[in-house]
Amino acid sequence: MTNPLASQAPATGEPLLEVDDLRTHFDTLSGPARSVDGVSYTVRAGQTLGVVGESGCGKSVTALSILRLLPTPPARISGAVRLRGTDLLRLSEREMRHIRGNRISMIFQEPMTSLNPVLTVGRQIAETVQLHQKLGRAEALQRATDMLRVVQIPEPERRVNEYPHQLSGGMRQRVMIALALACNPEVLIADEPTTALDVTIQAQILELIRRLQKERGMGVVMITHDLGVVAETCDRVVVMYAGRKVEEASVLDLFDRPLHPYTRALMASMPSMNTRSARLTEIPGLVPSPQEPRRGCAFAARCSHAEARCRGEVPQLTAQGQDHVVACFAVEEGRIESAPEGAAAA
Amino acid sequence: MGYVLRRLAATLPVMAVVAVVVFLLIHLSPGDPAALIAGDLATGEDIAKLHAALGLDKPLWQQFMLWLARLASGDLGTSIFTQVPVSQLLAQRLEPTLSIAALTMVLTMLVAVPLGTLAAYRAGTWIDRLVMIFAVLAFSLPVFLVGYLLVYVFAVQLPWFPVQGYSRFADGAGAWLRGLVLPCVNLALVYIALVTRMTRATVLEVLHEDYIRTARAKGLGVLPVLGHALRNAAIPIATTIGVGIALLIGGVVVTETVFAIPGVGRLVIDSVQRHDYPVIQSVLLISAGVYVLINLLIDLSYKLFDPRIQY
Amino acid sequence: QTKTLKVVAHADLKILDPTFTTAYISRNFGYMVYDTLFAQDANSKPQPQMVEKYTTSKDGKEWSFTLRPGLKFSDGTPVTSADAVASLQRWGAKDSLGRAMGAAGAQWKAVDERNFTLTLNEPFGMVLDALAKPSGFPPVILPERLAKLPTTSPMTEVLGSGPYIFKRDEWVPGNKVVFVRNPNYVPRSEAPSGLSGSKKSHVDRVEWLYIPDANSAVAALKRGEVDFVEQLPADYIAPLRTDTSVKIGSGGAYQGFLVFNHMFPPFNNAKARQAVAMATNQEKFTAAMGYPLDMRVTYCATFFICGGPNETAAGAEPFRKPDIAKAKALLAESGYKGEKVVLLVPTDITYLNAEALMAAQTMRSIGINVDMQNSDWASIGARRAKKDAPESGGWNMYVTVAGEFDANSPIANAYLGAACGTSLPGWPCDKPLDELRTAWIKETNPAKRKELLDAFQKRAYEAMPYVNAGQYSAAYAASANLKGLDKLWSGMPVFWALDK
Amino acid sequence: MNATDTAPALLQVRDLKKHYHSPRRWLAPARPAVQAVDGVSFDVARGETLSLVGESGCGKTTTAKSVMRLIEPTSGSVKLDGEELLSLPPEQMRLRRRDVQIIFQDPYASLSPRQLAGEIVAEPLRNFGMNSAAERRERVRWLFEKVGLRPEAVDKYPHEFSGGQRQRLGIARALALNPKLIVCDEPVSALDVSVQAQVVNLLMDLQAEFGIAYLFVAHDLAVVRHISHRVAVMYLGHIVEIADRDTLFASPRHPYTEILLSAAPVPNPRTPAKRMLLQGDPPSPANPPSGCRFHTRCPLAQDICKTQAPALSARPGNTAVEHQVACHFR
Amino acid sequence: MAALPTTSEAAPATADEAPFVLPRFRWARKHPTLIIGGVLLVAMAALAIFAPWIATHDPQDMDVLSRMQTASADHWFGTDALGRDVFSRAVWGGRVSMIVGLSVGVLATVLGLLLGLMAGFVRWADSFIMRVMDGLMAIPGILLAIALMAVTRASLTTVIIAITIPEIPRVVRLVRSLALTLREQLFVEAAHAVGTRLPVILLRHVVPNMIAPLIVQATFVAAAAVLTEAALSFLGVGVPPQTPSWGNMMAEGRNFVAVAFHIILYPGILLAATVLAINMLGDGLRDALDPRLARQL
Ligand SMILES: Nc1ncnc2c1ncn2[C@@H]1O[C@H](COP(=O)(O)OP(=O)(O)OP(=O)(O)O)[C@@H](O)[C@H]1O
Ligand SMILES: Nc1ncnc2c1ncn2[C@@H]1O[C@H](COP(=O)(O)OP(=O)(O)OP(=O)(O)O)[C@@H](O)[C@H]1O
Ligand SMILES: [Mg+2]
Ligand SMILES: [Mg+2]
């Protein structure tokens with residue numbers, strides 16, 4: 001199969017999901033953890049938005065905050081999450097339940113543990129359908145079988161009555177997808193759906209998601225730390241660092257013209273982007289913990305372009321060219337030009 | 001089916017160990033078992049005779065085999081003190097003990113599982129704290145103190161329940177039940193504490209599992225989500241209930257003393273004071289057997305809860 | 001509607017044979033299911049019971065008795081003189097009075113179905129008293145078959161001609177003994193009085209419950225779950241007196257006994273025994289047992305029950321005031337050198353436990369090295385019969401209490417029987433004491449008897465077979481609506497006289 | 001740094017097998033053994049990096065640990081410097097451990113949580129007779145420096161380190177005894193990209209400095225491509241292809257290798273991946289397919305594949321290193 | 001997407017900038033049960049240790065003429081049925097409980113550790129030890145203790161042994177399961193890989209990682225032991241009845257519940273407080289040392 005060249009898909013769909021200055025802080029015994037600290041993005045129908053960043057930068061917390069799946073307390077969520085204009089953060093828990101699994105669905109990273117081990121996969125899918133579409137038990141089970149067929153599980157009639165442990169990892173992830181899509185959601189959030197899988201299986205799953213999105217016109221949020229996955233599946237990319245969005249652009253633009261020093265470093269540190277057998281580009285230092293008190297740009301400590309200003313002031317997102325925003329003083333001040341050192345060789 | 005047989009066979013070594021322990025208890029204890037069994041009144045001659053009659057001159061293992069053989073034929077021996085076959089003594093005492101145990105069990109499950117689940121669901125809130133305080137208190141209060149407090153309040157001050165004794169089921173279910181309320185509540189407290197704590201811990205742990213997040217992401221409400229959680233927590237909870245049987249049987253001894261209930265527990269205490277070893281041995285054996293059997297049943301029931309269990 | 005009398009018994013019934021043990025619970029059991037030839041009435045006068053009529057020769061050596069017609073055991077077989085003779089022979093071998101009669105050459109003989117005779121070699125002043133003996137080993141009439149069984153172990157079968165039948169199938173040792181009215185019982189026509197007269201039961205069923213927990217027993221009584229508490233624990237007497245739903249009455253006089261083992265040092269020496277007596281403060285003993293002031297005798301200077309027919313203060317004077325210094329001196333004289341003294345401590349009967357602990361404190365106060373060995377009362381009952389050395393399973397002292405019938409005369413008071421080895425546990429051995437008693441039994445002149453009695457007690461205080469630890473009155477408690485309580489007599493279980 | 005033809009390889013693995021037998025339970029029917037590794041052979045030359053790649057569960061870890069006898073292999077031969085390891089008695093084997101060391105995938109689980117960093121690194125020294133504390137301290141300091149940790153860090157507990165630092169600790173420990181070979185079981189896959197780069201660089205620097213050979217287990221093809229001299233591809237307990245790195249990535253021969261390489265996402269939105277999708281899931285190693293183990297999923301499969309297992313054999317190549325493939329057709 | 005206003009620099013992290021909370025106190029605030037339990041236990045232990053100085057009377061002295069008195073200036077907790085001072089007896093009685101709790105806790109843990117390690121690391125010993133432990137587990141602990149007391153003479157030592165034996169299997173099971181997990185841990189494998197010998201591995205890597213759960217388990221064993229001792233005494237098969245122990249006091253007092261509840265009440269409260277203290281300490285330790293233990297213990 002060929003790459004559908006996602007970047008060519010027009011980003012003209014109506015805004016489905018708007019995350020607006022989302023902040024999720026956790027009250028912990030060692031002080032508040034600012035896991036997500038002001039993140040905004042928009043997902044449009046038929047569009048895939050990639051969210052990349054290193055472990056712990058707040059990708060999952062953002063996603064869970066959208067669906068309000070975090071326990072409050074300890075989490076405190078502020079900002080707005082609008083689904084076709086309705087602010088989800090203001091809905092009652094009851095109304096929210098009607099959204100989850102119905103209008104917004106989510107696929108989790110660990111297909112091994114995200115399915116209830118003591119229920120048949122059929123029941124787990126049927127349960128959603130029964131709940132949201134008010135179908136009877138038998139019809140719901142029928143729907144479950146159909147969904148398994150949609151996600152290309154062989155012998156769906158048999159598999160529908162099997163328990164998760166009887167399925168391989170790849171099949172379980174397909175079941176998760178079937179579960180997520182059973183009610184035809186408008187938005188699908190995929191939180192690292194393939195990191196736990198082998199490359200060959202990962203390729204199958206990504207292909208599947210891509211196809212289903214095309215067919216159903218969903219908006220997809222693809223959370224990943226793998227720039228390769230982003231390059232292959234996404235239309236737009238949000239780069240997160242330490243709970244904040246540091247850069248957002250269309251996928252082509254980002255790979256052609258990464259602006260934020262962090263984005264550049266990330267790309268440069270990937271082995272395959274380097275010249276073979278040469279030393280990899282390292283990013284010195286560590287990702288700051290969300291509990292650490294912050295002043296200025298979170299990346300400043302690891303950034304070769306950092307100056308005094310970076311350590312004292314938080315850079316705001318500014319537009320750099322069409323549809324490309326970045327939060328960096330160095331970029332603002334023109335200290336970084338648009339052709340980075342280690343950009344992908346086209 | 002093969003599995004059931006296999007599991008049944010696996011209880012044999014356990015029961016064998018129990019038998020050895022029970023056997024050695026008397027044969028390795030300081031002093032001559034014959035003298036112990038003959039009692040204080042016996043003369044040297046009596047003891048010598050008994051020595052031969054009991055086969056105590058034979059090697060230990062032969063004695064053990066003989067004893068096992070008699071056990072296998074259902075002969076539990078004769079009570080030294082009352083000269084009544086032990087099986088008959090036990091039969092007389094079984095009803096009250098079984099009634100207490102069964103009712104306590106039912107009470108425990110009815111109270112502890114919902115309570116523990118509630119505490120887990122509301123972890124960190126005052127409900128949770130209250131439940132946990134109750135659990136640790138119930139764990140720390142001596143059964144007999146609670147027993148007397150219950151009697152004092154609910155039988156002496158408020159004449160709601162009989163103070164003591166046991167009314168047979170055959171003499172009316174109402175009186176039977178009324179008489180069992182206080183002993184069962186008394187006995188159940190510890191057990192409830194145990195199961196509540198375990199339920200809370202397990203459910204809490206399960207609630208952090210990814211599949212619970214999945215269930216919530218599907219839009220399920222509180223009760224269905226807790227249902228998902230409970231099904232997964234069922235095995236540890238069932239295990240605790242099974243292990244708790246030991247606590248229950250031990251507690252029965254105390255409770256029966258407090259409430260003057262003529263059950264097996266009282267029989268043991270009386271027998272200990274009279275050095276009536278055949279009775280003690282039999283009760284130990286039987287309670288171990290009950291423990292093993294119930295735990296076997298619980299083990300077998302795991303498959304109902306968890307399809308991953310392979311037989 | 002069956003009428004059931006529910007009684008909280010004072011102890012758990014373990015031995016179903018009143019001819020085997022002097023345990024009161026077995027004695028009471030005996031009165032429920034067996035009958036006697038004679039019985040004491042409320043004035044302690046022997047009255048014929050199973051006997052219809054009897055005659056005695058001038059010299060008192062020939063007696064003949066006729067059984068009432070129609071007497072039957074509960075299985076319907078008739079009671080014959082053969083049964084009576086066999087029972088009396090069994091009794092004569094065991095009971096102190098019986099043995100005294102035996103010493104006087106008593107010979108029992110059946111004449112026909114209903115008639116039997118007694119011949120004696122010498123006159124015996126207490127034949128009727130013996131046959132009406134209310135306690136210790138009462139001479140109950142068993143079927144010949146049972147009476148012929150060896151006396152070394154208790155009978156397990158129960159078959160009597162008394163007012164009740166023992167329901168073995170409902171017996172729960174440690175909890176409940178059930179009796180039902182004996183349809184084959186043939187009552188006398190006289191009204192019940194003491195243990196005599198009609199014993200026809202007013203209720204269909206009598207249940208003895210064993211509730212060792214006093215609170216439970218009392219609460220059960222208050223709540224009407226039981227009708228009668230045979231021995232009200234002392235500490236509940238005062239609180240219950242204010243309760244109108246409950247009646248409290250005297251359950252007979254009791255004395256505490258500190259029983260010595262005369263076979264082993266130090267108590268094989270009279271001086272050591274006297275030392276303990278000298279240190280004994282009766283008031284503390286009765287107080288420790290918990291009896292209220294009005295139910296205990298501050299100091300009782302007799303072995304024969306203060307207020308009883310044989311009360312006398314002879315020989316008691318030196319022991320009236322506890323004197324530790326004197327007691328220590330006596331102990332030293334006895335040659336005591338600090339050996340261990342094994343005291344059997346009952347743990348299950350509160351008042352006996354208190355008595356034992358008091359005994360321990362008393363002995364320690366004069367420097368005796370007390371080794372308390374705890375067990376339940378039943379085991380002590382067994383252990384006290386052992387003649388082994390204290391360090392190998394025997395004992396030096398145990399404590400008990402005796403009701404008035406088992407203390408009120410030189411013959412009833414078995415612990416004063418100093419017959420050397422054949423008497424009750426303790427096996428006191430004092431020839432003069434034994435001779436004085438025999439003389440007293442035979443003597444018929446009241447004045448001489450009194451003299452002999454005084455001499456006997458004087459000797460007893462010298463030999464000190466046991467120590468009188470004080471006298472108190474036990475109490476029963478009954479629900480106020482129980483009828484016939486006035487018929488209760490000196491702690492005897494005349495349940496047939498009670499009605500609901 | 002290619003292995004020369006004349007010198008004997010540092011590590012020679014021949015026909016290594018490891019079958020896991022599930023413990024037989026009383027009265028229970030026997031279950032088939034898991035043929036985790038079923039006859040693999042390869043060499044590692046001095047100073048060389050040989051990578052083992054393959055899907056999850058194909059037996060990479062089992063192979064790696066068997067080489068060190070952390071797992072007792074079922075059969076086969078492992079020679080280090082010409083000496084057979086598998087038949088060594090335990091104490092002899094213990095002594096040989098100074099020559100082969102291991103770095104684990106999980107930097108969190110492989111360090112004892114209750115030992116100080118310094119103690120962890122000093123432990124192998126203590127085991128091999130470096131009894132003087134001062135000497136050890138000196139050596140530990142030197143090792144810390146080598147792996148880029150601050151010397152003060154000796155007094156910290158593992159949980160006080162970040163993942164990358166912990167992995168450095170693990171490397172320092174492995175390095176302590178001057179081993180000739182270090183087995184690396186996915187040493188970077190638990191790390192973030194930025195940290196991964198640090199560790200990969202460190203490993204390569206150490207190799208350059210001390211001439212250590214690596215048996216490098218990984219599933220990230222980009223890293224493998226970066227670090228290896230030669231690459232062995234495993235499928236279901238078998239090695240299906242070994243070649244030098246460039247050959248393998250440029251012209252894979254085995255269909256599985258080909259698919260595997262094509263499946264990796266390329267971080268370049270402008271190069272459309274020529275994706276070959278592998279259908280189905282790997283079969284269970286407890287019940288492997290007959291013949292060629294890949295035949296159930298192979299696009300080229302013919303009848304012969306079902307019955308005959310192709311041997312791993314050399315193919316003519318353009319490099320000095322042999323290119324071995326186990327396929328009937330390629 | 002326009003730049004978004006951000007306020008993060010305007011909201012300094014207050015908790016982080018107040019570093020003057022001593023870590024110790026923060027730890028205490030985090031584990032209140034641990035602190036309450038510990039303090040309570042120390043208080044009870046002090047009472048027992050200093051009994052000779054704290055007790056106002058000789059605990060054995062019977063002043064029968066002033067029996068069953070309620071609390072007064074002379075008798076703080078009143079007197080019992082034999083006129084003994086309840087306060088003094090209660091204070092002395094704490095010793096028995098403390099000794100039993102401590103001895104059983106230590107004995108059962110040490111024996112259980114040895115057996116458990118053997119089961120976990122010595123292949124042939126495993127099934128033998130575990131079958132024996134299963135057998136012991138099958139007999140309800142208190143019954144086994146009662147039976148053991150039946151064949152021996154009552155003394156503090158026999159009570160300790162009788163309570164220890166049924167507790168051992170629980171510890172063995174825990175240790176074995178920990179051993180089996182630890183055996184598979186990478187750091188143990190790593191130690192093996194760097195040539196560490198097995199005994200050294202056990203000592204340096206395995207046992208230290210068992211300490212936390214073992215201590216927690218030991219506290220629970222100790223709490224159970226204190227309760228069991230009291231129950232045995234209460235049933236009349238514990239330490240000799242004359243020994244002032246809480247169980248004995250309650251056994252003696254049970255006959256007077258309705259007329260003199262104080263005899264049973266004070267020792268009952270002290271007993272409950274002690275067990276509560278140990279349990280809270282155990283819970284607190286568990287949460288502080290390793291919250292994941294909650295399931296296992
Ligand atoms: N319940 C919580 N309490 C406190 N901190 C939390 C909680 N959940 C998450 N965090 C913290 O929030 C930060 C962001 O976590 P998040 O899971 O969103 O990271 P991520 O970007 O998804 O990383 P990964 O790639 O590892 O999944 C982390 O530092 C994490 O420790
Ligand atoms: N102790 C064991 N007992 C039984 N089977 C095992 C054991 N260890 C591994 N296996 C099985 O052996 C096969 C190979 O496992 P191994 O760990 O070597 O795979 P791997 O290639 O390292 O996989 P991964 O990439 O997931 O680490 C797997 O199927 C695994 O399930
Ligand atoms: Mg995440
Ligand atoms: Mg692996």
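Quick note on labels: first sequence line is chain A, next is B, and so on, each numbered from 1.
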**OP:** Identify the heavy atoms of B:Ala138 and B:Leu189 that sit nearest to each other, and give their distance.
**Re:** CB-O, 3.7 Å
Subject >> salt bridge (Lys or Arg N to Asp or Glu O under 4.0 Å) assessment of A:Arg100 paired with A:Glu93 >> reply: CA-CA 10 Å; A:Arg100 294 186 195 126; A:Glu93 178 62 26; 3.1 Å; yes
Original post:
So with a 6.0 Å cut-off around CZ of A:Arg137, is the heavy-atom count from everything else above 12?
Top reply: no
Subject >> Pairs where residues 56-67 of chain A contributes a residue and the test salt bridge (Lys or Arg N to Asp or Glu O under 4.0 Å) is met, not counting sequence neighbours >> reply: A:Lys59-A:Glu192
Original post:
How would you list, in number order, the residues of residues 124-132 of chain A that have a heavy atom less than 4.5 Å from chain B?
Top reply: A:Gln124, A:Glu127, A:Thr128, A:Leu131, A:His132
Subject >> Proximal component of A:Leu70, with respect to chain B [non-hydrogen, under 4.5 Å] >> reply: backbone
**OP:** Assess the side chains of A:Thr194 and A:Gln173: does a donor N or O sit below 3.5 Å from an acceptor N or O?
**Re:** no
Original post:
Which residues in residues 210-219 of chain B have any heavy atom lying under 4.5 Å from a heavy atom of chain A?
Top reply: B:Asp210, B:Tyr211, B:Arg213, B:Thr214, B:Arg216, B:Ala217, B:Lys218, B:Gly219
Original post:
Can you pull out the residues in residues 174-185 of chain A with any heavy atom less than 4.5 Å from chain B?
Top reply: A:Met176, A:Leu179
**OP:** Establish, from distance only, whether the side-chain atoms of A:Thr24 and A:Ser65 form a donor-acceptor pair under 3.5 Å.
**Re:** yes
Original post:
Should the pair B:Arg231 and B:Phe305 be classed as cation-pi, given the thresholds of under 6.0 Å to the six-membered ring centre and 45° from the axis?
Top reply: no
Original post:
Strictly by modelled atom types, are A:Tyr41 and A:Thr62 linked by a side-chain donor-acceptor pair under 3.5 Å?
Top reply: no
**OP:** Give the minimum heavy-atom separation between B:Leu194 and B:Gly244, together with the two atoms involved.
**Re:** CD2-CA, 3.9 Å
**OP:** Kindly indicate whether the side chain of A:Thr233, heavy atoms from C-beta on, has any atom under 4.5 Å from the side chain of A:Ile209.
**Re:** no
Subject >> Donor-acceptor pair between A:Gln133 and A:Arg143 side chains, under 3.5 angstrom >> reply: yes
Subject >> For the student: nearest non-hydrogen atoms of B:Leu204 and B:Ala123, plus distance >> reply: CD1-CB, 3.5 Å
Original post:
Do we see a donor-acceptor contact under 3.5 Å between the side chains of A:Gln142 and A:Asp146?
Top reply: yes
Subject >> Between A:Thr113, A:Leu64, A:Leu67, the one whose heavy-atom pairs under 4.5 Å with chain B are most numerous >> reply: A:Thr113
**OP:** For A:Ser60 and A:Asp191, test the side chains for any donor-to-acceptor distance below 3.5 angstrom and give the result as yes or no.
**Re:** yes
**OP:** Give, as side chain, backbone, both or neither, the part of A:Leu119 having an atom under 4.5 angstrom from any heavy atom of chain B.
**Re:** side chain
